[in-house]
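So the structure is just underneath, and the comments pick up after that.
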Amino acid sequence: TANQANRAKPNSMITAISDHVSSGGTLATAMEETQGFQNRLIGLVHLGESANQLQVVSTSISEMLTVEMRNSQQIRQALIYPTILLLMSVLVILMLVFFLAPTLVPVFRTAGVTPPTLLNALDQLSLFMTRQWPLFLASIGLVIFAIIAFRKQVKSASSKILASLPGFKRFLIARETLNFMQTLHLMLESGATITGALGTAASTAASARWKKGIEDVRVRVEAGEAFSKALSESGLPDPTSLAFVEAGEESDQLAEMLRQAARQLDDQTRSQLDQALRLITPALTLLIGVTIGLLIFTTIGAILDLNDLAT
């Protein structure tokens, strides 16, 4: 079955990793060969093995992934109600397109009256979907193919849309900063150089802006510029996170200060995510409600117009 196949895949990966390590290979190499792990995790495990701190690094990775999973689950749970509402709205629209519009529009035309614009548009859509269904299905397939083929661009556009929603912009900035601070902390704690840590952070950044910004910081640090100065002029982190970096660089305890900054950002992202989700749910509900309300209002108006014609 599908469930058995899904369980078999991670089991086979674990078996392959175990066999590789048992034969004398490193854990990082085994993870890389299975091609089922993120590059940042492989790099962190490699550094942990090199510095003989694999247990510490593994614990830190577990904490980082737990935070990311918790945030993702929180977002999915908050979107359950709007998703159900959206599906119900689609069903209402389909009923209007396939049943109500084709019934009302001919009555208007028989009476010599122009149907309402929206009702006429729904009727035309119904005709297209029923008479040109091969073209309609091909169009849907083309859209799905385009989404898959250009998924990176779609993801980038989706992030921009989310960033424009109430409360989400601050959350996305805080999340990017949190991921940056966590990655730097783990890399430096595992024995990586600051330029190596920045390289890993750039490769794992979610947005193009952060990728470019972190890479620019890495180049400037590699050229001899102070990390805090280059980071400050990049405009990426918030002032509070930047203060942690400056304090860590001055006291030669950068890894520890990055850990403290990550903890504070974790609390901050939790609060901002809660606020964003409390705003987005009613916002989506209002948007969908207004759309469906407009369709229903137009339909009721058309029925009343027919009643006037009959009398």
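Annotation for Ala28 and Ile42: closest pair O-CG2, 3.7 Å, computed over non-hydrogen atoms. The shortest heavy-atom contact between Thr34 and Ala16 is CG2-CB, 4.3 Å. Shortest non-hydrogen contact noted between Ala247 and Met257 is CB-CE, 4.0 Å. Looking at every heavy atom in both residues, Val221 comes nearest to Ala230 through CG2-CB, 4.3 Å. Across all non-hydrogen atoms, the minimal contact from Phe37 to Ile17 is CE1-CD1, 3.6 Å. The shortest non-hydrogen separation linking Ala226 to Glu249 is C-OE2, 4.0 Å.
Under the 4.5 Å side-chain heavy-atom criterion for grouping Ile, Leu, Val, Met, Phe, Trp and Tyr, Leu94 is connected to Phe99 within one hydrophobic cluster. If you chain together hydrophobic residues whose side chains sit under 4.5 Å apart, Leu287 and Leu294 never meet in one group. One hydrophobic cluster, built from ILVMFWY side chains closer than 4.5 Å, holds both Val245 and Leu184.
A search for side chain to side chain donor-acceptor pair (under 3.5 Å) contacts involving Glu250 returns nothing, not counting sequence neighbours. Partners of Asn120 under the side chain to side chain donor-acceptor pair (under 3.5 Å) rule, at least two apart in sequence or in another chain, are Arg109. Under the side chain to side chain donor-acceptor pair (under 3.5 Å) criterion, Glu176 pairs with Ser207, sequence neighbours left out. Checked against side chain to side chain contact (heavy atoms under 4.5 Å, CB included), Thr177 has the following partners two or more places apart in sequence or in another chain: Ile173, Met181, Trp210, Pro237, Asp238, Ser241, Leu265.
Separation of atoms OG1 (Thr26) and NE2 (His20) is listed at 5.5 Å; rounding is to 0.5 Å. The line from CG of Asp19 to OG of Ser23 is 7.5 Å long, rounded to the nearest 0.5 Å. Atom CE in Met31 sits 8.5 Å away from atom CE in Met13 (nearest 0.5 Å). Interatomic distance, CZ of Phe98 versus CG of Asp123, reported as 11.5 Å (0.5 Å rounding). Put simply, CG on Leu188 and CZ on Arg259 are 13.5 Å apart, with the number rounded to the nearest 0.5 Å. Taken to the nearest 0.5 Å, the CD atom of Gln182 stands 9.0 Å off from the CG atom of Leu65.
For the pair Ile194/Leu254, a side-chain contact is recorded, criterion being any heavy-atom separation below 4.5 Å from C-beta on. Between Leu236 and Phe180 the shortest side-chain heavy-atom distance does not fall below 4.5 Å. Within the 4.5 Å cutoff, the side chain of Leu198 has heavy atoms near those of the Phe227 side chain.
Looking only at atom types and distance, the side chain of Glu256 has a donor-acceptor partner in the side chain of Gln260 under 3.5 Å away.
Pairs of residues two or more places apart, or lying in two chains, that qualify as salt bridge (charged side-chain N to carboxylate O under 4.0 Å, His left out) and include a residue from residues 211-221 are Lys212-Asp216, Glu215-Arg218, Arg218-Glu222, Arg220-Glu225, Arg220-Glu233.
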Would you tabulate the side-chain donor-acceptor contacts of residues 129-148 under 3.5 Å, counting partners in other chains and residues two or more places apart, or write 'none'?
residue: Thr130; atom: OG1; partner: Ser126; partner atom: O; Å: 2.8
residue: Thr130; atom: OG1; partner: Leu127; partner atom: O; Å: 3.2
residue: Ser139; atom: OG; partner: Leu135; partner atom: O; Å: 2.8

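Taking a 6.0 Å sphere around CG of Asp267, one finds it holds more than 12 heavy atoms contributed by other residues, nucleotides or ligands. Within 6.0 Å of the CD atom in Glu32, the count of heavy atoms belonging to other residues, nucleotides or ligands does not exceed 12. In this structure, Phe150 places its CZ atom where only 12 or fewer heavy-atom neighbours from other residues, nucleotides or ligands lie under 6.0 Å away. In Arg263, the CZ atom is not crowded: 12 or fewer heavy atoms of neighbouring residues, nucleotides or ligands sit closer than 6.0 Å.
At distances below 3.5 Å, not a single donor-acceptor pair connects side-chain atoms of Ser62 with backbone N or O atoms of Ser58.
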